[in-house]
Undergrad: 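One structure, as structure tokens, below. Some questions next.
We count ligands from 1, going down the list as the structure has it; atoms in each ligand are counted the same way.
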Amino acid sequence: MKKLPLPLKEAVRSSKKPPGKEVLEELLRRHFGHSHFRTKQLEAIQAALSGRDCFCLMPTGGGKSMCYQIPALAKVGIVLVISPLIALMENQVKTLKQKGISAEYLSSTQTPQVREKIHDELDCGKLSLRLLYVTPELVATPGFKAKLSKLHSRGLLSLIAIDEVHCISSWGHDFRPAYRKLSSLKNDLPDVPLLALTATAAPKVEKDVIESLGLRNPLILRASFNRPNIFYEVRYKDITDDTNTDLFNLIKSRGSVCSIIYCHERSTCDDLSAHLRKNGISCAAYHAGLNDKTRSNVLDDWISSRTQVVVATVAFGMGIDRKDVRLVCHYNIPKSMESFYQESGRAGRDNFSSESVLYYGLDDCRRMEFILRNAGAKRQKSSTVSDASVKKSLADFTQMVEYCEGSGCRRKKILECFGEQVSGSLCRKTCDACKDPCNVAASLRKLGHFSSNRQRCGLVPVFMNSSMDFPSVAHETEFWNREEEEDLSEESISVSDDEAEVVNIRIKPTMQGDSRMELLQRAEERYYANSCPKRKAAGLSEKKAISGTLREAAKQRMSNALKQAHERLGIPMVDPEPPAALLELDCYDKYKKAGRAFYNSQVASTVRWLSSSSHEQIDVRLGALSPPVAVTKKSNDLPPKSSLMRSQSSSPAESAEPEGESSATWSSSEIRAPFPIESSSEFAAEKASAGPVRDPPAGSSAQRSRSGDRPSGSGKKDEGRVESSMASFPSLLLRSSVL
Ligand SMILES: Nc1ncnc2c1ncn2[C@@H]1O[C@H](COP(=O)(O)OP(=O)(O)OP(=O)(O)O)[C@@H](O)[C@H]1O
Ligand SMILES: [Mg+2]
């Protein structure tokens, strides 16, 4: 419901003198229901109202938004808020409107009509809009710049607030190139005050922000980074029997509280989420490999409490605005205290007691170290990063390792990393080291034994013991290919940026199947990127291409998920590989043209689906995917091997079984698709040469792999076949093992 303008507000807005504390507190109470300002809010507001530039550093959840929302109510004209995320803008505008405050946002996601209406409002004589949220990309456009100049010349632009301003600095953790374009604001609109807001405390970021924006004699405000309502704890993977079980027990023991679990890798998110769900926890994965729709559904479900736990990469980041998150777990060590603080800080934004639990593992630690080295080495090649920045990344990471491997107060350690010197008594037993020092010391002793045993066994020492100068293994590690997200809209980049997504470091003989597969996949992707121009010619960029190795890895994941489904449902276990191949093929058929991101997303959702579906549901789906089954006397009523080696058909005309195929063999020891898979160039070539309806030669890959190809199950040739709907999930598994 829209509130009538307050007489107070109108008086304040028309006055030339900046309002005093009492008046501002009254606005705070009247519009937001809070009785007093938090630390530094009042100073920031008064700076903005007096026309002074201000750099405001406040912790996550500290109340930065209020620093520009109150000036919008207290001064004539509008406040322009530059924000990196549409989701964030939407959210704030919605909340403000609910409070009767006139606010809008402009973005490409809105309809032309809505945008036009906002522009009309900006152009009209009597402006009622108080806050306008925009992206940095929009601010940089000449059209919008002209609009701002016009508003300014009419005396209607009272403040420009730049939220998440650390995005301007490549030293920050969320560098966003478009923020750089904001540098011209001060020149274009010199007498409009700028309010720069961030929770990123690195002094280098602060300097960079002030210089890049050209802030003039800014008031610099820094609030304490202490989050007294968060309890900090570290658990040690290497001395824990089973981390997944430990994590499950932790979540269970807290009841159905809203939680976030951060992981480095997308596949870990999918698998961990499936594991927790299997054990009865309402849970979903969130990462940049999922399509926009899935991500937005996951977010909606979590925000509205339909899902309790989100297992996410760093893509679940800025703008996640749920205040009652009670538990944030890190399944892998973050790359810096900065990242850890931001992520763990998503707990307890409502100031109620919350927890941060970090699972520290020596392998994770080594992995992250290598990644940081390699990322630096890679960027150095493109000469954008100096050796100093690699050293800085490693130094930042060392702080994180010290946090985990130290026995002192965790809170003190965090605050020291942000330059705050505090006494140990500040914590009041709100971290594991202060609450139970003996236990932490004992864990660290065990970890020490474990680590020296590893070294005796010839494994490389852990980070804290390793030299900063040991030979580079950069070529053995690789970041997740971030560029694959390029086709997402520029405005949603921050949501999709899994910066710390990592893969395993080196192929060791002991490496688990999935890790090996992932590493091989990267190698294959690199190979294609460097040496396969044919793919480009075929119209499939290498960034989007679905490699054979990726498909093998996906089949392996399906196979594991099927095994887990079998355990969960108590179905007799047989070879899951053929049904896994069918499920993978289904994903491939649907998304081969859309590209890798969509394919990965579909694979992940199938794995999730397997983790929660009933026997009947799986049965029906596999039945629909499986080819017709031939009943032959020769094979003791088992279907011929060929029956699992074809895909579905929608066209009876294309259904005749090639004679030669019935003798094809199936080896359960290797993962195989139900038929040979055409390469993308083959696919493109066929597309180019084939007519709309054409029967390819019997046995050709085109005939076998085209989505919809399938023997009819009727006609003379197919006598004795039974329809695929009769093939049940367990029987499919059983059959395949015998075959
Ligand atoms: N003076 C205040 N008194 C009580 N609550 C407040 C006050 N100011 C802000 N809040 C509340 O604090 C919460 C966090 O505010 P806000 O979203 O502005 O934080 P933030 O600093 O922008 O955090 P982030 O860095 O995560 O974006 C909100 O629920 C807000 O209503
Ligand atoms: Mg904020």
Undergrad: Checking the N or O distance criterion of under 3.5 Å, is ligand 1 in contact with Gly61?
TA: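 By distance alone, the answer is yes.
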Undergrad: Between His166 and Asp208, does any side-chain donor sit less than 3.5 Å from a side-chain acceptor?
TA: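 Side-chain D/A pair, His166 to Asp208: absent.
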Undergrad: Relative to atom 3 (N) of ligand 1, which among Arg346, Lys64, Gln41, His34 owns the nearest non-hydrogen atom?
TA: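 Nearest option to atom 3 (N) of ligand 1, by heavy atoms: His34.
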Undergrad: Assess the residue pair Lys323 and Asp350 against the criterion (salt bridge (charged side-chain N to carboxylate O under 4.0 Å, His left out)); give the C-alpha distance rounded to whole Å, side-chain angles, the decisive distance to 0.1 Å, and a yes or no.
TA: CA-CA 5 Å; Lys323 292 172 183 51; Asp350 55 5; over 6 Å; no
Undergrad: How far is atom 18 (O) of ligand 1 from its nearest protein heavy atom, and which residue and atom name does that atom have?
TA: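 Among all protein heavy atoms, the one nearest atom 18 (O) of ligand 1 is Ser65 OG, 2.6 Å.
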Undergrad: Tell me, please: is Gln342 in heavy-atom contact with ligand 1, that is, under 4.0 Å?
TA: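 Per 4.0 Å heavy-atom rule, Gln342 does not contact ligand 1.
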Undergrad: Any atoms of ligand 1 less than 4.0 Å from a non-hydrogen atom of Thr60? List them with their elements.
TA: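 So the answer, numbered in order with elements, is 23 (O), 25 (O), 26 (O).
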Undergrad: So which heavy atom in the protein is nearest atom 12 (O) of ligand 1, and how far is it from that ligand atom?
TA: Arg38 NH1, 3.1 Å
Undergrad: Any luck finding a side-chain donor-acceptor pair between Thr313 and His287 under 3.5 Å?
TA: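 The answer is no; no qualifying pair exists.
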Undergrad: Using ring pair (Phe, Tyr, Trp, His ring centres under 6.0 Å) as the criterion, point out the one residue from Tyr232, Phe340, Tyr359 that pairs with His330.
TA: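 One option only clears the test, and that one is Phe340.
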Undergrad: Has Arg410 got a side-chain atom pairing as donor or acceptor with Gly406's backbone, closer than 3.5 angstrom?
TA: yes
Undergrad: Can a side-chain donor-acceptor contact be found between Arg306 and Ser304 if the only test is distance below 3.5 angstrom?
TA: yes
Undergrad: Against heavy atoms of Met66, which atoms of ligand 1 measure under 4.0 Å?
TA: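 Listed by number with element, the hits are 8 (N), 9 (C).
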Undergrad: Using a plain distance cutoff, I'd like to know if Gly62 has any nitrogen or oxygen under 3.5 Å from a nitrogen or oxygen of ligand 1.
TA: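 Yes.
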Undergrad: Check whether Arg235 reaches the backbone of Val357 with its side chain - one donor and one acceptor, N or O, closer than 3.5 Å.
TA: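 Checking the backbone N and O of Val357 against the side chain of Arg235, no donor-acceptor pair under 3.5 Å is found.
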Undergrad: Hey, is ligand 1 close enough to Ala199 that some N/O pair sits below 3.5 Å?
TA: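 No: no nitrogen or oxygen of Ala199 is under 3.5 Å from one in ligand 1.
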Undergrad: Quick one: which of Glu164, Arg29, Lys323, Gln92 has a heavy atom closest to atom 13 (C) of ligand 1?
TA: Lys323
Undergrad: Taking atom types as modelled, is there a side-chain donor on Thr294 or Asn291 under 3.5 Å from an acceptor on the other?
TA: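 Yes, Asn291 and Thr294 have a side-chain donor paired with an acceptor closer than 3.5 Å.
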Undergrad: Main chain of Met58, side chain of Lys64: is a donor-acceptor contact present, judged purely on distance under 3.5 Å?
TA: yes
Undergrad: Nearest protein heavy atom to atom 19 (O) of ligand 1, by residue and atom, and its distance?
TA: Gly63 N, 3.2 Å
Undergrad: Taking 4.0 Å as the limit for heavy-atom contacts, which would you say applies to Pro59 with ligand 1: side chain only, backbone only, both, or neither?
TA: backbone
Undergrad: For atom 24 (P) of ligand 1, what's the nearest protein heavy-atom neighbour? Residue, atom name and distance, please.
TA: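 Protein heavy atom at minimum distance: Arg349 NH1, 3.3 Å.
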